[in-house]
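Keep in mind that what you see is a predicted model, and the values were worked out from it rather than measured. Just so it is clear, the values below take in all heavy atoms, side chains as well, and ignore hydrogens, waters and symmetry mates.
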Amino acid sequence: MQTAQQHASSIGILGTGSHLPANAVDNTLVGSRAGVTAEWIHRKTGISERRYAAEGEATSDLAAHAARAALADAGIRPGQLDHIVVATSTPDHPQPATAAIVQDLIGAEQAAAFDLNSVCSGFAFALHTAHRLIADGGHALVIGADVYSRIIDPTDRRTAILFGDGAGAVVLGPVPAGYGIETSLLETFGQHHRTIRVPAGGSRRPASPESLAEGDHWFAMNGREVREFVTDRLPLTVKELLRRADRTGTEVDHFVPHQANGQMLAEILPSLGLERARTHLTVAEYGNTGAASVPITLDAANRAGALRDGELVLLSGFGGGMSIGSSLLRWHAAA
């Protein structure tokens, strides 16, 4: 199933922010637990280290830090926000929404707040949703935040070597005509829903001593199927998004993909038709931070001064579901 939208109104990104926990975890430590070497991890993934949340630090804490940074960058007060959308698959609790906790932490009492779960593509889905919510005006805060270190089996080399914790955020609001988000494309391929999952802890299989003993509360992923899915589908998605935007790949200046696996991205990039685009990567330093990876990487590019006024930026996330979410926007650099 696909959802796409082109918007007549000019809504764009006014500011970006991110937050990474202080605890840097290198490949030697991760590899010793997973039964592989540091060199093997780097060769297979391009990752050198990742960050883990401190004890007692939850997804909402990381999200609130990123939110404050994005608000400061945008020059927007929390009280000016109309909506807060948090994309996460590792919420603080099953209930209430992590977004409600973030709303309280940053003092945005006027904002309606809710969570969205599309796993690692969640930020792209949340960005599109927030864009639609403020199409007639207002401001929205979109956050991608995950604490995967709490749901990863440290002995599972398929997952433990990849994931880290972090949060990234953007503030959406009115921008001058000709700038902002031009087109978004959301896709879900539910026939592949078993490829990435946490089997227990929900209504189908509630947490129990048996599920804990069997390790079914851990994150599980079929890496080969993920790679095949992304290799097959992402080039088609990029091509379709550009077609709907009436753009060509050579017009794109920047590509900010989900930081799933550095080696996989290197193999896929040549097939996307984005020869002129600068691809932005943070995977070596932070690993795969789930829904946070796209906004963390976008914030890094923004704060480095890499994004210039009027340039075309393509954001693309992919993950469990299986799902892919992408947006094409013309960057507005505030004076």
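- The pair R330-E182 counts as a salt bridge, with a side-chain nitrogen and a carboxylate oxygen less than 4.0 angstrom apart.
- Using a cut-off of 4.0 Å between Lys/Arg side-chain N and Asp/Glu carboxylate O, E251 and R276 are scored as not salt-bridged.
- Defined by atom type and a distance below 3.5 Å, a donor-acceptor pair is missing between the side-chain atoms of S211 and D216.
- The structure places CD1 of I161 at 8.0 Å from CG of N27, a figure rounded to the nearest 0.5 Å.
- S60 and T98 share no donor-acceptor pair across their side chains, judged by distance under 3.5 Å alone.
- Separating the CZ atom in R50 from the CG atom in D26 is a distance of 7.5 Å, to the nearest 0.5 Å.
- When W218, Y148, Y52 are each tested for a ring pair (Phe, Tyr, Trp, His ring centres under 6.0 Å) with F163, only one passes: Y148.
- Here E214 pairs with R205 in a salt bridge; the nearest charged N to carboxylate O distance falls below 4.0 Å.
- Between the CD atom in Q110 and the CG atom in L81 there is a gap of 10.5 Å [rounded to 0.5 Å].
- For R43 and E39, the salt-bridge test passes: some basic side-chain N is under 4.0 Å from an acidic carboxylate O.
- Atom CZ of R77 has 12 or fewer neighbouring heavy atoms from other residues, nucleotides or ligands inside a 6.0 Å radius.
- Using a 4.0 Å cut-off between charged side-chain N and carboxylate O, E311 and R308 make no salt bridge.
- S149 and D165 share a side-chain donor-acceptor pair at under 3.5 Å.
- Salt-bridge formation is not detected for the pair D253/R278: no Lys NZ or Arg NE/NH1/NH2 atom is positioned less than 4.0 Å from an Asp or Glu carboxylate oxygen.
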